[in-house]
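Residue numbers start from 1 in every chain, and the chains themselves are labelled A, B, ... in the order their sequence lines are given, proteins ahead of strands.
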Protein chains: 2
Amino acid sequence: MTAKKTSLKDLSDYLGLSQTTVSRGLADYPEVAARTKTRIRQAAAELNYAPSSSAQKLATGRALAIGHVITLSDHMTLNPFYADFIAGAGETYADSGYDMLISMVSRDKELETYRALTNSQKVDGFVLSEPVPDDPRIALLQELAIPFIVHGRTSASISTPSDYSWLDVNNKRGFETATRYLLELGHRQIALINGPDWLSFAQRRKAGFEAALLDCGVTCPEAWIFATDMSERKGFEIASQLLQQRQRPTAILCSSMLLALGVQRAMHSQGLQIGADISLICWDDCLSAFDNQTTPPQFTSMRSSIFDAGAMVAECLLAQIESPTTLLHARILEAELVKGQSTGPVKS
Amino acid sequence: MTAKKTSLKDLSDYLGLSQTTVSRGLADYPEVAARTKTRIRQAAAELNYAPSSSAQKLATGRALAIGHVITLSDHMTLNPFYADFIAGAGETYADSGYDMLISMVSRDKELETYRALTNSQKVDGFVLSEPVPDDPRIALLQELAIPFIVHGRTSASISTPSDYSWLDVNNKRGFETATRYLLELGHRQIALINGPDWLSFAQRRKAGFEAALLDCGVTCPEAWIFATDMSERKGFEIASQLLQQRQRPTAILCSSMLLALGVQRAMHSQGLQIGADISLICWDDCLSAFDNQTTPPQFTSMRSSIFDAGAMVAECLLAQIESPTTLLHARILEAELVKGQSTGPVKS
DNA sequence: CGGAAAATTGAAAGCGGTTTCAATTGACGT
DNA sequence: ACGTCAATTGAAACCGCTTTCAATTTTCCG
């Protein structure tokens with residue numbers, strides 16, 4: 001019943017043309033007569049022809065695919081930020097005819113996976129996420145000489161030219177701005193619930209937080225700075241503990257909306273009014289599952305769409321792949337302070 | 001500097017053997033002498049040889065890849081459930097040497113994408129998610145004669161043999177059990193906040209809910225049954241409205257923990273105590289970002305790990321691909337009722 | 001030691017495209 | 001009608017691996 005897949009040969013036989021001409025016709029080469037092209041296209045559609053991707057890859061050497069290697073941590077957690085990021089990137093790939101290859105591996109197989117994907121030529125490039133300072137993946141990919149781009153960056157300052165491509169949001173300035181805003185509102189007792197402290201972005205946010213405080217001569221006890229997984233539950237647990245102390249903060253800065261939801265729950269369960277009793281600002285990645293887009297928004301936040309970031313990262317990478325002469329990309333995005341209902345002047 | 005990728009030919013030349021033997025040696029064919037094999041392996045490691053995947057695909061006809069086509073809906077939302085599901089499947093693929101190919105496309109390009117991936121032989125099979133009754137994707141894939149498995153199922157009852165493979169959780173029984181539990185606690189005014197009503201799983205959950213009610217002669221006003229996107233915000237909005245009615249439910253059943261979090265926020269903001277004033281049961285997919293695993297759990301829920309489901313689905317599909325004689329898989333999982341802090345006897 | 005059977009290894013034909021270089025066809029000017 | 005040059009089309013090599021079938025080498029026994 002189901003005839004075998006039609007190959008180029010089938011198609012050319014059917015048309016009474018050579019494979020060469022048909023191949024060219026489909027690729028829209030100028031030297032093929034217009035009439036022939038139409039004929040070819042029509043026959044292709046008729047026979048439902050699609051070139052075998054592997055044959056194409058073999059012949060051209062291009063895989064037309066981008067790799068994302070995701071490490072499932074110990075608790076097998078795939079964070080929702082990554083999901084939105086991937087969605088953004090994926091859309092761009094699809095629009096450009098690229099495929100997205102995702103490898104879920106444990107951390108100990110991570111480097112090996114990059115190497116294998118590269119050697120077997122399954123992908124034309126990689127996107128790295130969640131860089132850590134001095135990330136070994138970067139060194140490896142440079143050695144393998146395969147194009148890649150980092151979402152985030154390791155440790156270089158913005159102005160230092162780096163030897164790899166990256167696109168990052170200005171985490172430091174973002175939290176500096178947020179902190180300043182709290183300070184303007186009169187807050188002096190501010191706690192920070194940050195992401196895992198080995199990640200570069202978390203380090204930068206903390207730096208921004210501290211810079212703003214320092215600038216105003218305000219200090220924050222070490223015990224009020226938390227580095228944690230960014231889950232609702234952690235937000236709840238940390239805030240619950242924080243709010244029971246005799247001396248408690250009048251404002252809290254969270255590295256994600258998930259954490260903020262947890263904090264909110266803790267506040268509610270202790271009968272505290274968000275915005276009135278305690279102010280809260282969170283980073284808002286504009287995740288589709290947590291939209292903070294009501295007017296006014298539920299949370300005052302530093303907003304920067306991670307979906308859009310995914311799309312931009314993908315674009316840069318593809319540009320780099322398609323024209324190898326392209327210089328490295330290094331780009332910083334600014335997050336926007338969005339005033340919502342979760343902040344207010346400090347209670348006197 | 002970076003030498004060209006080593007090919008099989010390079011390797012065999014280096015060893016003074018034929019490509020045939022080297023190829024066989026690497027694939028561990030029995031007819032290759034043990035000593036030769038070791039020599040080959042060693043040289044391969046030395047030269048950092050990895051076969052070109054496209055050449056391999058071309059020669060064997062197997063892509064060693066599974067496709068997941070994800071449609072970004074109008075709001076470009078990628079739901080977090082899917083992320084966990086994918087993670088589970090991805091892990092299985094990686095363990096079996098398969099790649100995961102993800103295509104993010106708009107809904108109108110969906111079918112076309114399945115067709116293209118199949119025709120270009122980029123994948124050996126597909127995993128479908130979120131089936132709708134009479135899903136056109138199923139018909140298409142059957143026509144294309146490519147292996148696939150559905151997470152969920154269309155409309156057949158459990159016992160009816162279906163003409164495609166699927167793995168589903170018993171949504172109907174799950175919500176029937178949950179509803180019964182609420183009834184046992186004395187609740188008679190129960191509202192349902194369900195997922196989008198065109199999705200099969202939502203229809204089944206609703207059926208379970210109604211079956212349990214009917215069984216006890218309890219009725220639920222149509223206005224208390226909601227079909228909605230499963231986001232925190234929707235949960236909040238719906239519950240806010242629901243709780244302001246003069247006659248309000250004493251218990252609420254939610255199709256996801258995300259919705260439950262929103263409901264919880266609405267209750268808090270109206271000064272209601274969850275579990276005491278109003279009981280709440282939600283479906284818990286064990287998403288990594290929302291763990292409900294404290295003891296006792298925050299929410300009473302019907303629990304069934306979607307990560308595990310992803311892994312199981314992947315296993316079934318791979319089995320089907322590797323031995324085409326394998327019969328279709330059709331398997332149902334039961335969700336577990338986990339009693340948490342969000343339910344209590346009805347207030348009299 | 002001779003020869004058949006068993007163990008290894010190789011040559012070459014695909015797999016299904018792309019691309020180089022040559023061949024054919026057609027148009028045009030004289 | 002004929003030569004010339006541009007416009008089209010083809011033949012065949014090649015991409016890197018698998019696999020069929022044949023060739024070669026060993027091993028084993030009478």
Contacts table for residues 107-116 of chain A: side-chain donor-acceptor under 3.5 angstrom, sequence neighbours left out:
unit_1: A/Arg107; atom_1: NH2; unit_2: A/Thr71; atom_2: OG1; d: 3.2
unit_1: A/Asp108; atom_1: OD1; unit_2: A/Ser106; atom_2: OG; d: 2.7
unit_1: A/Thr113; atom_1: OG1; unit_2: A/Lys109; atom_2: O; d: 2.7

_Nearest 0.5 Å, please: how far is CD in A/Glu91 from CD1 in A/Ile86?_
13.5 Å
*Quick check, are the ring centers of A/Phe126 and A/His68 under 6.0 angstrom apart?*
no
*Check DNA chain C against residues 34-60 of chain B and give the residues with a non-hydrogen atom under 4.0 Å, in numerical order.*
B/Thr36, B/Leu58, B/Ala59
*Got B/Val105 and B/Leu72 here, is their nearest side-chain heavy-atom distance under 4.5 Å?*
no
*How about A/Thr154 and A/Tyr164: does a side-chain donor come under 3.5 Å of a side-chain acceptor?*
yes
*asked:* Give the residues of residues 13-29 of chain A touching DNA chain C, defined as any heavy atom closer than 4.0 Å, sorted by residue number.
replied: A/Gln19, A/Thr20, A/Ser23, A/Arg24, A/Tyr29
*How long is the span from the CZ atom in A/Phe148 to the CG atom in A/Leu328, to the nearest 0.5 Å?*
8.5 Å
_Please determine whether a side-chain nitrogen of the Lys or Arg among A/Arg153 and A/Asp168 lies less than 4.0 Å from a carboxylate oxygen of the Asp or Glu._
yes
*Check the distance between D/dC15's P and B/Asp10's CG and give it to me in whole angstrom.*
11 Å
_Nearest-angstrom distance from the residue atom CG of B/Leu64 to C1' of D/dC17_ = 13 Å
_Degree of bending, the helix from C/dC1-D/dG30 to C/dT30-D/dA1 (end axes from five pairs; round to 10°)_ = 50°
*Send over the distance from B/Leu11 CG to D/dG16 P, rounded to a whole Å.*
14 Å
*Report the C-alpha distance between A/Ser165 and A/Gln320 in whole Å, list the side-chain angles of each, state the deciding distance to 0.1 Å, and finish with yes or no for side-chain hydrogen bond (donor to acceptor under 3.5 Å, both in side chains).*
CA-CA 9 Å; A/Ser165 290; A/Gln320 208 170 309; 2.9 Å; yes
*B/Leu8 CG - D/dC17 P separation (whole Å)*: 5 Å
*B/Lys9 has an atom NZ; how far is it from atom C1' of D/dC14, in whole Å?*
12 Å
Throw together a table of side-chain donor-acceptor distances under 3.5 angstrom for residues 29-37 of chain B, partners on residues two or more places apart or in other chains.
unit_1: B/Glu31; atom_1: OE2; unit_2: B/Arg24; atom_2: NE; d: 3.3
unit_1: B/Lys37; atom_1: NZ; unit_2: B/Asp28; atom_2: OD1; d: 3.0
unit_1: B/Lys37; atom_1: NZ; unit_2: B/Tyr29; atom_2: O; d: 3.0

*Name all residues meeting the salt bridge (Lys or Arg N to Asp or Glu O under 4.0 Å) criterion together with B/Arg39; count only those two or more places apart in sequence or in a different chain, and write none if there are none.*
none
*Whole angstrom is fine here: how far is it from CD in A/Glu31 over to P in C/dT25?*
18 Å
*Do A/Ser7 side-chain atoms and A/Lys9 backbone N/O form a donor-acceptor pair below 3.5 Å?*
yes
